[in-house]
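As the structure is a computational prediction, the values presented were derived from the model and not from experiment. Order of the sequence lines fixes the chain letters, A, B, ..., with proteins taken first and strands second; residue numbering starts at 1 for each chain.
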Protein chains: 2
Amino acid sequence: MAEIRNVDTRERILDSAERLFMTHGYDGTSMRQITGEAAVNLAAVNYHFGSKEALIQEVFRRRLDWLNEERMRVLDRLEADAGGQPVKPSLIVDAFFGTLLRMAEDEARGGMTFLRLLGRTLTEPSEFIRAFLAHEYKVVMDRFKEALFRALPEVPKAEIVWRFHFMLGATSYAIAGTDALRLVTDWQIEEEDSVDRLDRLVPRLMSFLIGGLRAPLPHFEPVAVDRS
Amino acid sequence: MAEIRNVDTRERILDSAERLFMTHGYDGTSMRQITGEAAVNLAAVNYHFGSKEALIQEVFRRRLDWLNEERMRVLDRLEADAGGQPVKPSLIVDAFFGTLLRMAEDEARGGMTFLRLLGRTLTEPSEFIRAFLAHEYKVVMDRFKEALFRALPEVPKAEIVWRFHFMLGATSYAIAGTDALRLVTDWQIEEEDSVDRLDRLVPRLMSFLIGGLRAPLPHFEPVAVDRS
DNA sequence: TTATGATTCAAACAAACGTATGAATCATGA
DNA sequence: TCATGATTCATACGTTTGTTTGAATCATAA
């Protein structure tokens with residue numbers, strides 16, 4: 001088999017990079033760390049991927065391609081089942097965030113490591129990464145935005161967009177900060193060990209997200225008349 | 001006045017560092033960028049602060065000291081007003097998150113720049129920063145945790161802790177991602193310019209947070225008796 | 001005015017960074 | 001078996017990193 005060796009090398013690099021970027025961030029991870037942990041030559045990254053920038057893009061693409069397609073598939077099915085009627089907001093939220101969280105149970109799809117990397121990276125300082133993610137995410141984002149608009153016709157669109165932002169934030173933190181937040185807050189969540197943590201995180205987070213999405217609309221101070 | 005010169009230098013360094021760390025992150029910002037923008041000599045940071053690590057710690061301390069004391073003061077007053085009764089959850093949430101957000105309206109206290117820096121840094125990869133923040137935040141966190149426990153006696157404590165995490169995440173994202181998320185989502189929030197954005201963000205975020213905090217408790221699947 | 005301690009400055013340091021190179025090694029088709 | 005292209009390897013390149021140094025400059029008290 002001709003490609004086994006280099007595929008192994010590529011995959012080992014991607015795995016190490018995924019883990020190290022998750023732990024130390026993009027700028028905080030060096031090529032020597034990556035190739036060292038992957039037990040490959042330093043030049044291997046540039047040979048197989050071209051550059052460090054291209055490497056992290058491949059790290060994301062490897063996981064996001066499937067994730068976003070799966071999200072689309074789930075939403076397709078929901079809309080088909082609804083038969084013209086708007087889909088329930090909680091189902092849309094679950095199609096987006098639930099699909100993401102359930103991916104973490106699949107170790108072959110990156111598991112918690114990728115989930116936490118993704119959570120952290122949405123606030124990653126390096127601009128080209130955010131730009132890349134914006135591009136990768138655009139289609140699926142627009143799909144879900146439209147679905148929510150239809151599901152909540154009585155809610156102003158700007159409000160929905162904002163709440164989607166809030167949901168993204170809560171989710172990213174919940175997953176990125178599994179230890180980061182524990183460090184920040186210094187609170188131990190007793191009761192559960194790391195194994196079944198995800199089983200319980202999903203329903204917990206979902207309750208929170210739906211509660212926030214469906215919360216009473218805010219009351220603004222004497223509003224500037226806004227005709228958009 | 002003997003110290004005017006070096007106070008100016010110190011303060012200029014802190015301002016530039018705050019802005020640059022917010023934009024490019026800790027690892028992504030070099031001493032030469034900081035001293036260059038502050039128009040001071042490269043060696044000034046090490047002279048006045050000792051190291052880059054000590055610098056960012058001072059950047060945070062300058063703002064967090066006041067913020068966390070103010071949070072305590074607000075909570076003190078709420079508990080005094082309640083006179084033995086538990087404080088309403090929404091008031092506790094506002095004392096913690098509202099105080100933070102309102103700080104951003106005060107340019108002399110860092111304004112949006114510090115707010116966004118803080119939002120980003122809670123997921124900052126560099127471990128010593130998170131450790132530092134954990135220490136700086138511990139006292140105030142414990143106070144608010146206890147207050148929420150008393151305010152919501154019927155809710156399991158673990159549930160409250162989780163929801164506090166989610167609230168932290170939603171808030172951090174809302175502020176950190178003012179442009180980060182816009183990039184990721186590629187959605188323009190029409191209607192509002194950057195000036196009054198904060199006026200509207202606060203009630204919006206508050207509604208979302210309270211809605212999430214008060215959401216129905218999650219239903220767990222028939223708990224897996226998991227003997228792995 | 002002069003002496004003193006604080007601050008600023010230009011310059012240099014070793015270390016680590018991402019990347020590139022050319023030779024060595026490998027697997028494979030002819 | 002040999003030639004070919006793919007991959008790995010040790011090594012080096014030029015920058016950039018955070019930090020240090022010793023002299024120059026400053027503000028102030030005596």
Report summary line: Between CG of Asp27(B) and P of dA16(C) the distance, given in whole Å, is 15 Å
Query raised in the report: Within 45 degrees of the axis of the six-membered ring of Phe208(A) and under 6.0 Å from its centre: does Arg163(B) put its NZ or CZ there?
Result: no
Requested in this report: Would you indicate, yes or no, if dG18(C) has its OP1 or OP2 atom less than 4.0 angstrom from a side-chain nitrogen or oxygen of Asn46(A)?
Outcome: no
Query raised in the report: What is the nucleic acid contact for Thr29(A), judged by heavy atoms within less than 4.0 Å: base, sugar-phosphate only, or nothing?
Result: sugar-phosphate
Query raised in the report: Measuring from Ile56(B):CD1 to Phe132(B):CZ, what's the distance to the nearest 0.5 Å?
Result: 9.0 Å
Query raised in the report: Could you give the distance from CG (Leu100(A)) to CG (Leu205(A)), rounded to the nearest 0.5 Å?
Result: 9.5 Å
Report summary line: Between Arg32(B) and Arg32(A), whichever has its closest DNA chain D nucleotide further toward 5' is Arg32(A)
Query raised in the report: Are Ser30(A) and dC17(C) close enough that a side-chain N or O sits under 4.0 Å from OP1 or OP2?
Result: yes
Query raised in the report: Is the shortest side-chain N/O distance from Thr9(A) to OP1 or OP2 of dT8(D) below 4.0 Å?
Result: yes
Requested in this report: Calculate the interatomic distance between His24(B) atom NE2 and dT16(D) atom C1'; express it in whole Å.
Outcome: 16 Å
Query - Atom-to-atom span, CG of Asn41(A) to C1' of dG22(C) - whole angstrom - result: 13 Å
**Report entry** Nearest-nucleotide comparison on DNA chain C, the residue closer to the 5′ end among Lys52(A) and Ala43(B)
**Finding:** Ala43(B)
Query raised in the report: Which distance, rounded to the nearest 0.5 Å, do you find between the CD1 of Ile34(A) and the CG of Leu20(A)?
Result: 6.0 Å
**Report entry** Side-chain N,O (His48(B)) to OP1/OP2 (dA6(C)) below 4.0 Å
**Finding:** no
Requested in this report: Go through dT19(D), dA12(D), dT8(C) for me and flag the one nearest to the Tyr47(B) side chain.
Outcome: dT8(C)
Query raised in the report: Glu53(B) CD to dT17(D) C1': how many Å, rounded?
Result: 14 Å
Query - Between dC9(C) (C1') and Met31(B) (CE): distance, integer Å - result: 16 Å
**Report entry** Phe97(B)/Phe164(B) aromatic ring centres below 6.0 Å
**Finding:** yes
Query - Between dA6(C) (C1') and Arg10(B) (CZ): distance, integer Å - result: 14 Å
Query - Whole-Å distance separating the CZ atom of Phe49(B) from the C1' atom of dG18(D) - result: 16 Å
